[in-house]
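Just below is one structure, and these are the notes that go with it.
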Amino acid sequence: MSLHSPIAESSRHGFMSGYLESLSLVERLHRLLLDVIKDEFERLGVLDINAVQALLLFNVGDNEVTAGELKSRGYYQGSNVSYNLKKLVEMGYMHHQRCEMDRRSVRVRLTERGRDVRDVVTDLFGRHASGLQDKGVLGPDGIDQINHALKRVERYWSDQIRYIY
């Protein structure tokens, strides 16, 4: 089968359509995740923190990190993480301290208030995981397949950034 045969072109077009649908799903799922987190905090009457900030607190967890470390882990864009870390420190959700070695760098960790937010998100995700399994939406094999496929796409995209530019 030649690369330009009608069958190959149809297959390529079909794959492209599927790829674009996957990209759209990833974007929609991320926005939906933020909406679900926002709704949980509204339900609890916690209105001074947004979903991105709550997710940031969840991802920091029990660690002490810099903004650069959060960005390098792939959680946030540079200016976004710096802005949100600053706001979280101002609102009392995080402690910050200048690094001894590099005075330009600031390390942050959760306060008790920040750990409370992290716990709310942890509980929410726990309920989701149980619900997905209990309702038969996804089982262990399904979640493993999704994670495996997404990691392969992540690796491919990372390679594109490293080797093309």
For residues 43-50, tabulate all N or O donor-acceptor pairs below 3.5 Å that involve a side-chain atom, not counting sequence neighbours.
residue : atom : partner : partner atom : Å
Arg43   : NE   : Glu40   : OE1          : 3.4
Arg43   : NH2  : Glu40   : OE1          : 3.3
Arg43   : NH2  : Glu40   : OE2          : 2.8
Asp48   : OD1  : Tyr93   : OH           : 2.8
Asp48   : OD2  : Tyr93   : OH           : 2.9
Asp48   : OD2  : Arg113  : NH2          : 2.7
Asn50   : OD1  : Val52   : N            : 3.1
Asn50   : OD1  : Gln53   : N            : 2.7

I'd like a table of donor-acceptor pairs (distance under 3.5 Å, sequence neighbours excluded) in which one partner is a side-chain atom from residues 134-156, with atom names and distances.
residue : atom : partner : partner atom : Å
Asn147  : ND2  : Ile143  : O            : 3.3

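Using a 4.5 Å heavy-atom cutoff, the side chains of Met94 and Leu57 are in contact. Counting heavy atoms from C-beta on, the side chains of Val60 and Leu70 come closer than 4.5 Å.
Applying the ring-ring contact (aromatic ring centres under 6.0 Å, His included) test to residues at least two apart or on different chains, the pairs with a partner in residues 46-72 are Phe58-Phe125. Sorted by first then second residue, the side chain to side chain donor-acceptor pair (under 3.5 Å) pairs that include residues 19-33, not counting sequence neighbours, are Tyr19-Trp157, Ser24-Arg28.
Annotation: the span from Arg118 atom CZ to Leu56 atom CG amounts to 13.0 Å, rounded to 0.5 Å. Atom CG of residue Asp39 and atom CG of residue Leu34 lie 11.0 Å apart, to the nearest 0.5 angstrom. Taking CG from Asp119 and CG from Leu110, the interatomic distance works out to 9.5 Å, rounded to the nearest 0.5 Å. Note: Leu85 CG to His96 NE2 = 10.5 Å, rounded to the nearest 0.5 Å.
Qualifying side-chain hydrogen bond (donor to acceptor under 3.5 Å, both in side chains) partners for Glu112, counting only residues two or more places apart in sequence or in other chains: Arg115. Contacts of Lys38 classified as side-chain hydrogen bond (donor to acceptor under 3.5 Å, both in side chains), with partners at least two apart in sequence or in another chain: Glu42.
A continuous path of hydrophobic side-chain contacts links Val121 to Met91 [ILVMFWY only; heavy atoms under 4.5 Å]. Leu124 and Leu132 fall into different hydrophobic clusters, defined by Ile, Leu, Val, Met, Phe, Trp and Tyr side-chain heavy atoms under 4.5 Å apart, directly or through other members. Hydrophobic clustering places Val36 together with Val120 (ILVMFWY residues linked when any side-chain heavy atoms are closer than 4.5 Å, directly or through intermediates). Hydrophobic cluster membership is shared by Leu23 and Met16, with clusters built from Ile, Leu, Val, Met, Phe, Trp and Tyr side chains linked at under 4.5 angstrom.
Using a distance-only test at 3.5 Å, with no hydrogens or angles considered, no donor-acceptor pair links the side chain of Thr111 to the main chain of His95. Between the Gln133 side chain and the Ser130 main chain, no donor and acceptor come within less than 3.5 Å of each other.
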The test is side chain to side chain contact (heavy atoms under 4.5 Å, CB included); show your working for Val108 and Val65 and say whether it passes. CA-CA 5 Å; Val108 295; Val65 297; 4.0 Å; yes
